[in-house]
Amino acid sequence: MAFSADVKGELCRAPVSRRCCAMAEAYGILLFCGAFHPRQARIVTECGALKERLPALFRKAFKVSFDQTPEPGEGKGTFLIESPAKLGAIFDAFDLDRDGSVALHINLAPLEEEHCRGAFLRGAFLAGGSVTDPMKGYHLELATSHYHVGRELPALLREAGFEPKETERKGNYVVYFKHSDHIEDFLTYLGAPVAAMGVMAAKIERDLRGSVNRQVNCDSANLDKTVAAAREQMAAIERLRESGRLDSLPDKLQEAARLRIENPELNLGQLGALCDPAVSKSALNHRMRKLLELAEGLGHEAV
């Protein structure tokens, strides 16, 4: 969760300036926090930066203070509002029905401006979002317990140019991204360009490591083939030597046999460069095949 904490820390450094954006961000937090209904608003977080931001944000947005705040140094802390007057001010700000039997929806009226939509999504991520360390994988999600909010969020994201996926998990409605470039764009939109660059850098590093590993595996496979071929060639040359045929072969074949015995670790291209004069890999391969055929012929003669 360290990367998520870093992202939220970066988002919380954005100044709380416009009241409309403060309201939109607080709205996102409330719809994705622990509980939000006409009798209570409860926000639970262990993010230190968010703990510092919430009191100023709610004062700017609604001119209200929390009835309960976490103790200093507390790990996971709870912000609580239960005052009917304060809850009434919050519900009225978003034209929400105070009837507890009415399910919450996303009221789009406060989110007409682009900067307010970004602030709303920032709040949603701060309260109900997480993102995987990009060195381990690519996954960013927003989770809410409110059915209609979970169903309406993808439409809001699509209006902003994103293509999220949806699922349900343990009673929560989850909207998520799985591609690195989508996560980069979304983090930038929220106001976390440094984190977005971190995702990009991690992708480059992972791709580079993958490329190096593929090259190493390829080189290892080629080396195994070279070793196996060299063993087969040396065995054939030894059979020709034991039969007395090696010394009667043409000089070019004798040279190929001698170089192979003296340099068992070299591939055919490297052996060809040692010939006098140097020959191509293809030419030396032809000579080795001839030595193998001659050695195989010895077996037929014995039969």
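What you see is a predicted model, and the numbers here were worked out from it, not measured in a lab. Just so you know, these numbers use all the heavy atoms, side chains as well, and skip hydrogens, waters and symmetry mates. Along the sequence shown, the residues carry numbers beginning at 1.
At least one side-chain heavy atom of Asn267 sits less than 4.5 Å from a side-chain heavy atom of Gln270. Looking at Phe32 and Leu126, their side chains never come closer than 4.5 Å, going by heavy atoms from C-beta outward. Residues Leu140 and Phe125 have side chains in contact (heavy-atom distance under 4.5 Å, counting atoms from C-beta outward). At a threshold of 4.5 Å between non-hydrogen side-chain atoms, the residues Cys12 and Glu52 do not count as touching. Looking at Thr132 and Tyr138, their side chains never come closer than 4.5 Å, going by heavy atoms from C-beta outward. Here the side chains of Leu268 and Arg260 are in contact, with some heavy-atom distance below 4.5 Å. When side chains are defined from C-beta on, Leu104 counts as touching Leu31, because their heavy atoms get closer than 4.5 Å.
Classification of the Tyr176-His139 ring pair by plane angle, with boundaries at 30° and 60°, yields parallel.
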Using residues 113-121 as the side-chain source, report each donor-acceptor pair under 3.5 Å to any protein atom, sequence neighbours left out, with the distance given to one decimal.
residue, atom, partner, partner atom, Å
Glu114, OE1, Arg117, NH2, 2.5
Glu114, OE2, Tyr189, OH, 2.8
His115, ND1, Arg18, NH1, 3.1
His115, NE2, Arg18, NH1, 2.8
Arg117, NH1, Leu111, O, 3.2
Arg117, NH1, Glu112, O, 2.9

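Classification of Arg122 and Glu10 as a salt-bridged pair fails, no side-chain N sitting under 4.0 Å from a carboxylate O. Salt bridge status for Arg151 with Glu168: present, with a side-chain N to carboxylate O gap under 4.0 Å. Ion pairing between Glu166 and Arg158 holds under the 4.0 Å rule for side-chain N and carboxylate O. One finds no salt bridge joining Arg42 and Glu82 here, because no Lys/Arg side-chain nitrogen approaches an Asp/Glu carboxylate oxygen to under 4.0 Å. Taking the charged nitrogens against the carboxylate oxygens, Glu262 and Arg258 do have a contact shorter than 4.0 Å, which makes a salt bridge. We find that Arg241 and Glu238 are joined by a salt bridge, their nearest charged nitrogen and carboxylate oxygen being less than 4.0 Å apart.
Geometrically, Lys165 does not engage Phe177 in a cation-pi contact defined by less than 6.0 Å to the ring centre and at most 45° from the axis.
For the pair Tyr27 (side chain) and Ala124 (backbone), a donor-acceptor distance under 3.5 Å is absent. Under a 3.5 Å cut-off, the side chain of Glu232 and the backbone N or O of Ala229 do not form any donor-acceptor pair. Here the side chain of Gln254 pairs a donor or acceptor atom with the backbone of Asp247 at under 3.5 angstrom. Put simply, the side chain of Thr144 never gets that close to the backbone of Gly150: no donor and acceptor are under 3.5 Å apart. Formation of a donor-acceptor pair under 3.5 Å by the Lys203 side chain with backbone atoms of Ser180 is not found in this model.
Judged as a salt bridge (Lys or Arg N to Asp or Glu O under 4.0 Å), not a single pair has a partner in residues 180-194 (not counting sequence neighbours).
Not less than 6.0 angstrom separates the ring centroid of Phe91 from the ring centroid of Phe62.
Closest approach of Ala22 to Lys60, counting heavy atoms only: CB-CG, 3.6 Å.
Judged as a side chain to side chain donor-acceptor pair (under 3.5 Å), and not counting sequence neighbours, Asn263 has no contacts.
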The test is salt bridge (Lys or Arg N to Asp or Glu O under 4.0 Å); show your working for Arg289 and Glu296 and say whether it passes. CA-CA 10 Å; Arg289 284 205 307 271; Glu296 185 179 355; over 6 Å; no

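In summary, the side chains of His105 and Glu152 do present a donor paired with an acceptor at a separation below 3.5 Å, with no hydrogens or angles considered.
In Lys86, the NZ atom is crowded: over 12 heavy atoms of neighbouring residues, nucleotides or ligands sit closer than 6.0 Å. Within a 6.0 Å radius of CE in Met197, no more than 12 heavy atoms belonging to other residues, nucleotides or ligands are found.
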